[in-house]
Amino acid sequence: MSAILIVIVGLACLLIGAAVGFIARRRSDGTSLQQAEEQASRLLAEAETRQKELLLAAKDEQLSLRNQLEVELKDRRAEAARVEQRLAQKEENLDRKVESFERREQGLRDREASIETLRSEAEEIRQRQATELERVSNLTVDEARAQLLTAIEVEVRDEGSRRVREMEKEVEATAGIRARKILATAIQRYTSEVTAENTVSVVQIPSDDMKGRIIGREGRNIRAIEAATGVDLIIDDTPDAVTVSAFDPVRREIARQALSTLVHDGRIHPTRIEEAVNKARRDVEATMQDAADAAAVEAGVLNLHPEVLKVFGRLRYRTSYGQNVMRHCIETGHIAAMIAREIGADVDVARAGGFLHDLGKAVDHEVEGTHAIIGADIARRFKVKDAIAHCIEAHHEEVEPRTVEAVIVMMADAISGGRPGARRESLEAYIKRLETLENIAKGHKGVESAFAIQAGREVRIIVKPEQIDDLEAMRIARDVSQQIEETMEYPGQIKVTVVRETRATEYAR
């Protein structure tokens, strides 16, 4: 309100000043004083009229604001009254809940007291029943408990034995099918060629005159070759051929290459022999290194130490029962990885363990010990994982296998070496082995006939049913298998089956 009055007063002063200025101007211009007074009176009248209008407008606005404030105050008082009413209702509800909780708590205390009373009564009744049972049965509580536990133990043991037998039958029914499927899949998915085993190499020569040059004056050339290579040269009546004989395949290959170079060159004397042998040794070592690198890539076993691959490369010229050992290692690695993938084992460990399982065969003629232990020591020396080294040392059960991967490597090794066509033997040794198997079986009392079947991997024995019962048939199978293990050497395993058949025949006339 005071701001409005200040504005009005300011306007009035402004009008008065304008009137005074106008009068002064009129005087200066020579206008009459009367006209100036009349003009001033008129301006003052207009100023008073405008002032009254502004005062009335200010009073109206003040009245409107007062009414608005009164309405707003009334609304707030009503809202406060509603809030107060709600608070009162909540307080009343809270009081009722407190009373309800107190009644419930009292009820629980009463019930607890009643339960305690019932418990005491039940304990008294149980004591009286126990005393009465002891009197009637003439047994104490401890004796009765011992008898009850014994009866329960017998029942549980019988039930457990029955369930174990059922589970064994179920496992036998499903495990055999599953195992055959896994092994058949692994064998079917991977096959490799077979290398015939030999301990000699033949070097072709252009003429028989070359034989004399190889022997040299008083045999100095042949002695120099044998001394430098560690092999035996057999020069006989075989035309246009010299035989290199040695059980170490690496030395035999070095001698063969060196002798081929000398024959091709024509210059044969001790100095030239030494140069040819050194060159052949470097070439063979390079070939073994390349073969080891290629084998590791083919098997999928990478990041091996160079020294491990250097030793592994010597298996390039090593064979076992006609099977090249390096190819056998590659095959074993693939089969082990397939089996591990089928049963959910560590595929990388199984693959590497199968690939390196015969690593020791490369140096087993130089280092004392079995090839499994030697291979594991070499692997550990060059920081190969211990799980892989364990697969190497356990694949012939010289160390008890502790992991699933070690058992898988054993299986893969047996599959690779025992699958049909993997290994060869001479016809004479093959026939002799079959005859020996049949003779061992026929040497037992009550055996009617025996047959070696499946290339000597199974012996089928027919016994006389009137002399041999079922238990005796089982004993014959066990004795024959033990005798075969003790007296024979063979790859893989041999199955011994005893057949006892009783026939009853009648004729209807």
Identify whether the distance between the nearest side-chain nitrogen and carboxylate oxygen of [X] and [Y] falls below 4.0 Å.
X	Y	result
Glu285	Arg282	no
Glu226	Arg223	no
Asp283	Lys279	yes
Glu393	Arg380	yes
Glu253	Arg314	no

How close do [X] and [Y] get, counting heavy atoms only, and between which atoms?
X	Y	answer
Val308	Leu359	O-CD1, 4.0 Å
Ala350	Glu405	N-CG, 4.1 Å
Asp386	Arg402	OD2-NH2, 4.3 Å
Ala394	Val399	CB-O, 3.3 Å
Arg267	Arg213	N-NH2, 4.3 Å
Val409	Cys391	CG2-CB, 3.9 Å

Determine whether more than 12 heavy atoms belonging to other residues, nucleotides or ligands lie under 6.0 Å from atom [atom1] of [X].
X	atom1	answer
Glu400	CD	no
Glu466	CD	yes
Met488	CE	yes
Gln483	CD	yes
Glu218	CD	no

Does [X] use its side chain to pair, donor to acceptor, with the backbone of [Y] at less than 3.5 Å?
X	Y	result
Arg281	Ile254	no
His444	Ala477	no
Asn278	Glu274	yes
Asn439	Glu435	yes
Glu458	Lys495	no
His328	Val325	no

To the closest 0.5 Å, what do you measure between [atom1] ([X]) and [atom2] ([Y])?
X	Y	atom1	atom2	value
Arg327	Thr332	CZ	OG1	11.0 Å
Leu259	Thr229	CG	OG1	9.0 Å
Met326	Tyr317	CE	OH	9.0 Å
Asp232	Thr243	CG	OG1	11.0 Å
Arg316	Asn324	CZ	CG	6.5 Å
Lys361	His371	NZ	NE2	4.5 Å

Any side-chain heavy-atom pair of [X] and [Y] under 4.5 Å:
X	Y	result
Ile330	Phe355	yes
Arg478	Val498	no
Val311	Phe382	no
Asp358	His395	yes
Arg500	Asp470	yes
Met410	His396	no
Val459	Ile440	no
Ile214	Val263	yes

Checklist line | Intermediate values then yes/no, side chain to side chain contact (heavy atoms under 4.5 Å, CB included), Ile476 and Val496 | finding: CA-CA 9 Å; Ile476 290 175; Val496 178; over 6 Å; no
Note to self: Working note: Lys464 + Lys445, criterion side chain to side chain contact (heavy atoms under 4.5 Å, CB included); need CA distance, chi angles, decisive distance, verdict.
What the structure shows: CA-CA 9 Å; Lys464 300 175 181 178; Lys445 182 180 178 180; over 6 Å; no
Next item on the list: Give the intermediate values and the outcome of side chain to side chain contact (heavy atoms under 4.5 Å, CB included) for residues Leu262 and Met210.
Entry: CA-CA 10 Å; Leu262 292 171; Met210 185 62 68; over 6 Å; no
Checklist line | CA sep, side-chain torsions, deciding dist, call: Leu149, Glu153, side chain to side chain contact (heavy atoms under 4.5 Å, CB included) | finding: CA-CA 6 Å; Leu149 291 176; Glu153 182 179 0; over 6 Å; no
